[in-house]
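One-based numbering, in listed order, for ligands and for the atoms of each. The structure presented is a predicted model; accordingly, all values stated were derived computationally and were not measured.
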Amino acid sequence: MVAEVINGKDLSMELKSEMKKEVHDLRNKNVVPHLTVVLVGNNPASESYVNGKKRASEEVGISSEIIKLEDTVTEKELLKVIDRLNRNDKVHGILVQLPLPNHIHVQHIIEFIDPKKDVDGFHPYNIGKMMTGQDTFLPCTPYGILTMLRSKNITIEGKHAVIIGRSNIVGKPVGQLLLNENATVTYCHSKTKNLKEITRLADILVVAVGKPNVIDKHYVKDGVIVIDVGINRLDDGSLTGDVDFDSCLEKASYITPVPRGVGPMTITMLLHNTIKAAKGMVQ
Ligand code: GUN
């Protein structure tokens, strides 16, 4: 079997052209969707992600701004910036780029963002809504993965989904979203024993480890659907995922590439959430 590649870049372009129309309609009603991104410090990867978010916003007509703060900013000062954004009616979405410097408590910051503007879907209130299957902002990478599966009409119900990784941003919520779709979900992580025995049982394998080529054809069964969340920069400057793409291609039924896979979908779902916020759909 040779897998069908799920191209996240192409799917993103399709979704963005629909969003462009939605934003146009909102602007005609004098609602200008606005996203504010807060970037603390000068981590080059974060800077590049944040610039990508701004560029994509502009593509669909969402107004956006980046607030850059020194990495010496105190937690109190950062909370003050968020307070101002929470109270500004023109700001529909607030995103504080992670990671933050160690002296700032990430959870204090996330919990201070107005849940109605939490377009990352990271606030515990929104996580609770997601867990109980209520409509809210879904975290962008997991939501992007779900959208990729749906775009190929892949049945999730009854499938065994194995997630490698248990971060709050990707691993945990993607498992929850697939559970909401009636998959049977297994979480694996750095302390998991016999990883290969478990991954070989997966109908859907989501790999969010952050290390290149940890999964190859020996870890998967025939017909598996492989979702590669990793974005690793190699010494030669090229990008690669967590999955050995060429090796798994011959066994999988579907596979996502890196680049042009999950990455573009993450940003696209952020735009989707910002439009949802501008419509006042999350209370
Ligand atoms: N850092 C890496 N991914 C993300 C994300 O999806 N949102 C935020 N806020 N920070 C991140």
J.: Once rounded to the nearest 0.5 Å, what's the spacing between atom CG of L95 and atom CG of L85?
T.: 11.5 Å
J.: Should you measure from each heavy atom of L95, which atoms of ligand 1 turn up under 4.0 Å away?
T.: 9 (N)
J.: Is any side-chain N of the basic residue among R87 and D83 closer than 4.0 Å to the acidic one's carboxylate O?
T.: yes
J.: Q97 to ligand 1: N or O pair under 3.5 Å?
T.: yes
J.: Which protein heavy atom lies closest to atom 10 (N) of ligand 1, and at what distance to 0.1 Å?
T.: L98 N, 3.0 Å
J.: Between the side chains of R55 and E59, is the shortest nitrogen-to-carboxylate-oxygen separation below 4.0 Å, so that they form an ion pair?
T.: no
J.: Answer yes if I67 and V106 sit in the same cluster of Ile, Leu, Val, Met, Phe, Trp and Tyr residues linked by side chain heavy atoms under 4.5 Å apart, and no otherwise.
T.: yes
J.: Are any of the N/O atoms on D120, whether in the backbone or the side chain, positioned under 3.5 angstrom from an N/O atom of ligand 1?
T.: yes
J.: Purely on distance, is any nitrogen or oxygen of I169 under 3.5 Å from one on ligand 1?
T.: no
J.: Should R150 and E181 count as an ion pair when the cut-off is N to O under 4.0 Å?
T.: yes
J.: Short list, please: which atoms of ligand 1 are under 4.0 Å from a heavy atom of V96?
T.: 8 (C), 9 (N)
J.: Quick one: are T141 and V174 in side-chain contact, heavy atoms under 4.5 Å?
T.: no
J.: Is ligand 1 less than 4.0 angstrom away from at least one heavy atom of Y49?
T.: no
